[in-house]
Amino acid sequence: MSFKERVFEKARQNVRTIVLPEGDERRTILAAQQLAAEGIARPVLIGDPSSIADAAGKAGASLTGVGIVDPADSPKREEYAGVLYELRKAKGMSEEEAGRLIADPMYFGVMMVRQGDGDGLVSGAVHTTGDMLRPALKIIKTRPGIKVVSSSLLMDFQDKEIGHDGLMVFSDCVVIPCPSDEELAHIAISAADTARTLCGIEDPKVALLSFSTKGSAEHELVSKVRSAVRIARSLDPALALDGELQLDAAIVPEVAALKAGGSPVAGKANVLIFPDLQSGNIGYKIAQRMGHAQAYAVLQGLARPCNDLSRGCSVGDIVMTAALTALQAAGSIKQP
Ligand code: ACO
């Protein structure tokens, strides 16, 4: 069974409600149809029911088993606006602004997830990463003990000798441009959790990457990675985590033996933590385009799962992201 099939199978065993705020978008509607028909999730499209029905008609999609919620006449609108106001008033939001923002499908959808009326959210076929992330950061916030929201790319290699049966987790490749040492440590802890929850890697081996291995170079960038390793170890002393390591020392046993003997991670890392967004984003795209890996992006560190799509996404990408969101929901936090 492929990784994708395993994810779908697991999602079917514990069907979750997935909110899709871009409700009248063609690919989103086709994905909702597939999610419902194949029992992978209970999809809920947000938007004006007549626009959604119109778009579904044009796409030739059936809406059987697909929920539709219209923020404009939802009985929850007032309650959600009140919660939004309470959450943001200290930051200067007025009741009027909260009432206006909650009519936006993205804010409404994120609030549904916060309030437990949905288990997770997927968007990004039309909106940018920031359009979805900002409401999620403001309304759902981070999991207890985790300071930042970041991302992991689940890399599924054809060569099953790589990583854990062909799977590796790369992080952060989407969210935090220049993480501090503390943020890098939190990214590492979150990525290990993602490896367990979504990839079935029960004993993640986490390498914090650099252009130096164990003191082979000295630079402030290297010192930051070393400091992140110390912080991450204090956050989770039981986790197999090491750094700073060059990529080859992290994944090639022969290089590890030469450069990082005795490391519990070097030579067998299955979770790679990149020092910044440029290296992370470039790194995953090299593995995807030149290493022919399938790459699936998820956000991590939110108290309840919200995930972002690329605007060039296919229907299949939306279905897979919804299934991964459903798996993340199993370990999510109930909001106070
Ligand atoms: N984790 C937790 N909280 C955060 C984070 C984070 N990573 N970033 C911002 N916040 C908080 C802020 O503290 C603030 O909280 P407050 O309002 O309660 O005080 C709130 O979220 C909103 O912050 P803003 O300042 O409005 O947001 P910011 O301008 O920092 O933008 C964003 C955040 C959107 C995540 C930004 O970091 C970003 O654009 N990152 C890059 C995303 C991107 O373009 N990636 C490209 C790759 S996409 C791809 O390859 C698929």
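Each ligand, and each atom within it, is numbered from 1 in the order the structure gives. For the single chain, residues carry numbers from 1 onward in sequence order.
- Under the 4.0 angstrom criterion, atom 23 (O) of ligand 1 counts as lacking any protein heavy-atom contact.
- Neither the backbone nor the side chain of Asp308 comes within 4.0 Å of ligand 1, counting heavy atoms alone.
- Residue-to-ligand polar distances keep Thr142 apart from ligand 1: every N/O pair is separated by 3.5 Å or more.
- Distances between N or O atoms of Val149 and those of ligand 1 include at least one value under 3.5 Å.
- Taking every non-hydrogen atom of Ile176 and a distance limit under 4.0 Å, the qualifying atoms of ligand 1 come out as 7 (N).
- At a 4.0 Å heavy-atom cut-off, ligand 1 touches Val174 through backbone and side chain alike.
- Below 4.0 Å from some heavy atom of Val148 lie the following atoms of ligand 1, by number and element: 1 (N), 2 (C).
- Taking any N or O of Lys91, backbone or side chain, at least one lies under 3.5 Å from an N or O belonging to ligand 1.
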Step by step, would you call Glu182 with Lys147 a salt bridge (Lys or Arg N to Asp or Glu O under 4.0 Å)?
-> CA-CA 9 Å; Glu182 191 184 17; Lys147 288 210 163 140; 2.7 Å; yes

Give the C-alpha distance, both sets of side-chain angles, the deciding distance and a yes or no for salt bridge (Lys or Arg N to Asp or Glu O under 4.0 Å) between Glu9 and Arg6.
-> CA-CA 5 Å; Glu9 199 44 48; Arg6 288 203 303 275; over 6 Å; no

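- Ligand 1 has a nitrogen or oxygen under 3.5 angstrom from a nitrogen or oxygen of Val175.
- Just one residue in the list Ile52, Val315, Ile318, Val126 forms a side chain to side chain contact (heavy atoms under 4.5 Å, CB included) with Thr28, and that residue is Ile318.
- Under a 4.0 Å N-O distance rule, the pair Arg226/Glu218 qualifies as a salt bridge.
- For atom 50 (O) of ligand 1, the nearest protein heavy atom lies closer than 4.0 Å.
- Scanning both residues, Thr17 and Arg42, for their nearest heavy atoms gives OG1-NE, 3.1 Å.
- For atom 3 (N) of ligand 1, a protein heavy-atom neighbour is found at a distance under 4.0 Å.
- Within the 4.0 Å cut-off (strictly below), no protein heavy atom is located near atom 32 (C) of ligand 1.
- For the residue pair Ser62 / Gln33, no side-chain donor-acceptor distance below 3.5 Å is found, with atom types taken as modelled.
- Proximity to Arg88 (heavy-atom distance under 4.0 Å) selects the following atoms of ligand 1: 16 (P), 17 (O), 18 (O).
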Please list every donor-acceptor pair under 3.5 Å in which a side-chain atom of residues 76-85 meets a protein atom from a residue at least two apart or in another chain.
unit_1, atom_1, unit_2, atom_2, d
Lys76, NZ, Asp117, OD2, 3.4
Glu79, OE2, Gln115, NE2, 3.4
Tyr80, OH, Asp117, OD2, 2.4

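- Put simply, atom 14 (C) of ligand 1 has no protein non-hydrogen atoms near it, under 4.0 Å away.
- By the criterion of a heavy-atom distance under 4.0 Å, neither the backbone nor the side chain of Lys141 is placed next to ligand 1.
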